[in-house]
Each structure stands twice: as structure tokens, then as C-alpha cells.
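Sequence positions, counted from 1, serve as the residue numbers for this chain. Only a predicted model underlies this, so the values are computations on that prediction, with no experimental measurement involved.
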Amino acid sequence: MKKIILLRPKIGFGIGGAEAHAANVALKLLERGFKVGLIAHTISFPEEILKNLELYQVKWKGFGSVPKHLFFISQAKTILANLSSYKLISFFRYPYPSDLFILCDPLIAFLQQQKASIFRRFSLRYKILLTFEKKALVNAKKVVSLFCLGKELIKQFYPEVYSKTVVCYRGMDFKRFNPSLKKLKTICRKEKGFREEDFLLLFVGYDAKRKGLSLLMEVLPELPERVKLLVVGIEGISTKRVFFLGKTKEIEKYYAMADLFVLPTRYDPGAMATLEALATGTPVVTTFYDGTSEFVKEGLNGFVVNRTKEDLRQAILKALALRFDPERISQTVSHLTWDSYVDCLISQLE
């Protein structure tokens, strides 16, 4: 039986998109008969799954992101030194050799380029993270990008790594996210106090700054009064047109209710929320720097825009005037299964 170790500070469900991504890979590897170990400090799985995993838990020490990052790397290296006959899949900037390095976090080199101030671009924190990123990429046997955007950015910022970079399209949970949810649209709206004539925009994300919530908030007053915004994942003070819903375990309800998913992101290697919206049959507006934008076909399932106020406003107005077919929208991502993704990863390991 082959043994695979998955590495990331947090792995599991209900704690973030990249964390759930690693957790789904663990489940699919177990289904295929692999022995699966996890190196993490936070692990969140149902009890019946936990008993089938080998857990190598790192104690969480340090203060601030970089000290914690350093401590995790040190402990992970010690743990791995005592393991043998395994393949290592890293979902994290682990600067030592790995069999696969999965690009599920934003590329630091590209984030640096986006910083307005040269002093902020070259802060100590970013220089350290950039060093880890480069070493992780160079030392990995293979680098896996989840979408084509990641591979193109590797070509731009790390050309020496490009030849060993492959694209494995990440999967979707179609049992949970599918167009049948749209049958609940009216019921869910009434339950939450919204009218049938309201046009509901949905924003989902924890990192409001990087994902562009402020830009969307600027555009909202210039849209018709019936347009309202639901913000999931972030706490805030709600108004007549903006509703902060915080974290929720019922995200499916909001995809069912929404008329349009909007993510004016500065950069996402591949926003899971964009795929969830499409799988549910909800049209999307996102930017060219969302890896999942390659699946957005203008007028069929949404719009891809430059990250400007006017482009975003115009795209939302276009969506207001169109009628979208949830079934056709969902079909545009129906090939993105977890089985095909994990098959791709296994083929790269072999």
C-alpha cells in the first residue's frame, strides 16, 4: 500500500477553501486504498474519517504569521525526517523537497507586484515568504497549478520552474452544489426576508481586501435600488442594501437565493466560491485574476472584467438585463470532479 503525506498548517472542513481542498484530496486517496498521513496543527474531519488517517500534529507556537510559518516548517521537517516510504504532497510553501507542490495559495511574487508602495512590496514579511515560495517551487519534483492562470504566472515569475509545472483542474462537490438548489430560491428568500423583485448580489470570502469587497461596495450605490448585496464570511454592520452574514454552514442557501455572484478579486489562484456559484447555476462576475475565470463564458454564465469600478458596474448592469439558465451554467463546470483531479495528482506522483 502506498503512503502519502499531506502537508498544510490546517487541513479539514469548515476552516477555509484551501483547507477543504486538502481534505477532499485526503478523502479521495483513502477511497483509492492509499495510506494517508496529515502534517498539520489544525485538523477538522468527521470522527469516522479521522480514524482512517495517520495524524502528525504540530503544536502551534510563535506570534504573527511569519514566526508561526517558521515554526511549522521546522516541526514539519523534523516529523518528515522520521517517516519513510511516502510521497509528500505539500499544499503550503514548504521550502524543502516535496513530490508535489500544489499552488492553492496566492503567488507571493505576483502579490508583491500589486503593492502600490515599493516599501510595502519589499517588507521583511514579504521577503521571507517570497524566499519560502521560491525554495518550495525549485525543490518540488512537480508543481501543480489548479488552473491555467497559475501556470502562466509561474512562467512570468519563475521561468526556471515552468517545465515541471502541470495543470490539474481541482474538483467540485456536485452533490452539495448543483442547479436543483435553485428550486429553493423563492422559499429561501422569503425565509430571509427578501422580495421576489430584489436582485441579490452575493460576495463570499474571508479576505475582504484581496477579494475586492470595497470596490463592490463603491459600485452598489450606482446600481438600481432593487439591487442588494449579501456578504458571506465577513462580519459587519448591515444596512438597507448590504447584509453582512458572517460565517455560515448554510452557504448553499445563499447560492440558491442569489441572482449574481460577484468577486472583484485582486488575485485568486482559483476561487472556490466562483466554482460553487457556477455549479449551483448562479451566474458570476469575476476578474481576469481569478483562476476560475477561464470557465466564464460571456453572456452564458457571467462576465470576466478588468478590476475597475466602471467595468464592474457595466457587467452587473448587463447581468440585470439577462436571463440565465441554471442548468446550462452548471454544465460549464460539470467536468471538474474530485475524482478526475485526484487521478491527475496520482499520475504526476507516478
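Arg189 and Glu196 are not joined by a salt bridge, as no carboxylate oxygen comes within less than 4.0 angstrom of a charged side-chain nitrogen. Salt bridge Arg210/Asp207: present, at least one basic N to carboxylate O contact under 4.0 Å. No salt bridge links Lys28 with Asp343; every basic N to acidic carboxylate O contact stays at or beyond 4.0 Å. Salt-bridge formation is detected for the pair Glu310/Arg313: a Lys NZ or Arg NE/NH1/NH2 atom is positioned less than 4.0 Å from an Asp or Glu carboxylate oxygen. Taking a cutoff of 4.0 Å between a charged side-chain nitrogen and a carboxylate oxygen, Lys182 and Asp325 do not qualify as a salt bridge.
Evaluated for a ring-ring contact (aromatic ring centres under 6.0 Å, His included) with His21, the options Tyr341, Phe13, Phe92 yield exactly one hit, Tyr341. Evaluated for a side-chain contact (heavy atoms from CB on, under 4.5 Å) with Phe203, the options Leu216, Val262, Leu245, Leu230 yield exactly one hit, Leu216.
Side-chain atoms of Lys10 do not come within 3.5 Å of backbone N or O of Ala20 as any donor-acceptor pair. At least one donor-acceptor pair closer than 3.5 Å links the side chain of Ser347 to the backbone N or O of Cys344. The main-chain N or O of Thr265 is found under 3.5 Å from a side-chain atom of Thr287 such that the two form a donor-acceptor pair.
Taken from CG in Leu103 to CZ in Arg170, the straight-line distance is 13.0 Å, to the nearest 0.5 Å. A distance of 10.0 Å separates CG of Leu213 from CG of Leu263, quoted to the nearest 0.5 Å. If you take CD on Glu152 and OG1 on Thr165, they are separated by 10.5 Å, rounding to the nearest 0.5 Å.
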Go through it in stages, so that I can follow the logic: the residues are Asp339 and Arg32, the test is salt bridge (Lys or Arg N to Asp or Glu O under 4.0 Å), and I'd like the CA-CA distance, side-chain angles, deciding distance and then a yes or no. CA-CA 10 Å; Asp339 284 307; Arg32 284 161 171 72; 3.2 Å; yes
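Residues that satisfy the side chain to side chain contact (heavy atoms under 4.5 Å, CB included) test with Asp99, not counting sequence neighbours, are Lys87, Leu88, Lys141, Leu349.
In terms of heavy-atom proximity, Val144 sits nearest to Leu345 at CG1-CD2, 3.9 Å.
Classification of the Phe295-Tyr169 ring pair by plane angle, with boundaries at 30° and 60°, yields perpendicular.
The cationic group of Lys155 lies under 6.0 Å from the six-membered ring centre of Tyr162 and within 45° of the ring axis, placing it in a cation-pi geometry. No cation-pi contact links Lys135 to Tyr96, judged by a cut-off of 6.0 Å to the six-membered ring centre and 45° from its axis.
Counting only N and O atoms by type, the side chains of Asn306 and Thr308 include no donor and acceptor under 3.5 Å apart.
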